[in-house]
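Throughout, a chain's letter reflects where its sequence line sits, starting with A, and its residues are numbered from 1. Since this is a predicted model, take the numbers as computed values, not measurements.
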There are 2 protein chains.
Amino acid sequence: MPTTPDQKLWARTRQAVHAEVARTAMSLFLERGFEATTIDDIAAAAGISRRSFFRYFGTKEDIVLGDLAARGELIRKELEARPATEDAWTALLNALRHTPRPGQDDATTLQISKMLYGTPSLRARSLEKHLQWQALLTPEIRRRLGVAPDDEHDLRADAIVACVLTCLDVAGEAWTRSDGSQSLEDLVLTAVAAVRGSAADA
Amino acid sequence: MPTTPDQKLWARTRQAVHAEVARTAMSLFLERGFEATTIDDIAAAAGISRRSFFRYFGTKEDIVLGDLAARGELIRKELEARPATEDAWTALLNALRHTPRPGQDDATTLQISKMLYGTPSLRARSLEKHLQWQALLTPEIRRRLGVAPDDEHDLRADAIVACVLTCLDVAGEAWTRSDGSQSLEDLVLTAVAAVRGSAADA
DNA sequence: GACCGATTGACACTCAGTGCCAGAGAGGCT
DNA sequence: AGCCTCTCTGGCACTGAGTGTCAATCGGTC
């Protein structure tokens, strides 16, 4: 196995349990709603103890948003791989576009998005994740701006990264409102264009 | 009394208690930290019951952020009063600038800001408040863009408002990081200029 | 088989937030 | 004054999230 050179058994089972609990929980969420589903419900449905649940997920929100942390890392990698000829905005947008999304069918994605934008605690956590992405992506943008990657004095990179993520968020909300009838990519570009005053070249 | 044409007694006492509890709680927060202060602590220090506390504040975070909701309304009024000659960005920035901030001395403001940016649950709530501001300000910006104020199909106004607030947030964080050594206003303008690609005229 | 390390479930605990209820005051009406 | 009503209040019990602890267990290694 190229990916897993024979990891410890429990590392694999742990991963399997993690995925299984997440799967069970998500179907409960989509069935009765996020807030109406308690952790006891999830633990019971997944066949583990309440206490063990918290060994796999720090919070209930992490079931839905846990992937986002890993995704931020992927975006960072993609961003660093962007050619140096691309300016900050273009590089960010392309990095976001080319980072693979977790593979779900569109109907499920839409359902999850509706849950996400409609549940305050989830929305809050998702915004926090964006802050993490921000911290992850800012150094590379600073580099592209010709600033030292750890220069916290210059807030231009922070502003750019934050606004791109904000545009992504606004576009995501519009996409959800429109029941996914429009292309998310187009919506993001529209948002960015509105902010920058002219059409953004991709 | 021009402002209060003899309100009911309990309306006034209620306001007084609200302010007193908030004052007491804030001093506890600044003394021992937000998370280390329980609601029982606050209730005991303020001389009310735990149950009554929740009749004045929905959550612990509301003590710190409660004003923000009212402030959003003030900003909206200010925004609508901006001359029609100002474009969306200028109007937004001026509205933010001209809305009076709650009067505290700078040292206290900085201390509160540090608490705000350093406490996850407070940060999350503060981002949620920004979402409320967004919903409040977007209709007027749509109007300035020549779109029907309730046209949810056009996300340009949403993007602009969201990004201005994001810039405000980024600037606020930088201001806090720098111990308030730089002017918040300048920081906001720097952030906006970085996003828009050129200096914003105020 | 014996040892080591990670995992597990059970129990107890803290803290935020809510529902319910009975009592106390203020104000209005007769 | 007496009565009625409305609100505020405190107390109690409850749910639900999240954490600390501990003894038991199970996989893997020597």
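For residues 101-132 of chain B, the pairs satisfying ring-ring contact (aromatic ring centres under 6.0 Å, His included) are B:H130-B:W133, with sequence neighbours left out.
Across the protein-nucleic acid pair, A:F57 atom CZ and C:dT8 atom C1' stand 16 Å apart, rounded to whole Å. One atom, CZ of B:R55, and another, P of C:dG17, lie 15 Å apart when rounded to the nearest Å. Distance, A:Y56 OH to C:dA6 P: 14 Å, rounded to whole Å. The distance between atom CZ of B:F53 and atom C1' of D:dG11, rounded to the nearest whole Å, is 18 Å.
By the ring-ring contact (aromatic ring centres under 6.0 Å, His included) test, A:F54 pairs with no residue at all, sequence neighbours left out. For B:D179, the side-chain contact (heavy atoms from CB on, under 4.5 Å) partners two or more places apart in sequence, or in a different chain, are B:L110, B:K114. The side-chain contact (heavy atoms from CB on, under 4.5 Å) test applied to B:D186 returns B:S183, not counting sequence neighbours. Under the ring-ring contact (aromatic ring centres under 6.0 Å, His included) criterion, B:F34 pairs with B:F29, sequence neighbours left out.
Closest contact between the side chain of B:R14 and the listed nucleotides D:dC8, C:dT8, D:dG10 involves D:dC8. Of all nucleotides listed (C:dA10, C:dG17, D:dT9), C:dG17 comes nearest to the side chain of B:R125. Residue A:I48 places its side chain closer to C:dG9 than to any other of C:dG9, D:dC8, C:dT8.
A salt bridge links B:E173 to B:R123: at least one charged side-chain nitrogen sits closer than 4.0 Å to a carboxylate oxygen.
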Protein-nucleotides 14-16 of chain C N/O pairs under 3.5 Å:
unit_1: C:dA16; atom_1: OP1; unit_2: B:K60; atom_2: NZ; d: 3.2
unit_1: C:dA16; atom_1: OP2; unit_2: B:I39; atom_2: N; d: 3.2
unit_1: C:dA16; atom_1: N7; unit_2: B:R50; atom_2: NH2; d: 3.4

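Below the 3.5 angstrom threshold, one finds no donor paired with an acceptor across the side chain of A:R51 and the base of D:dG18.
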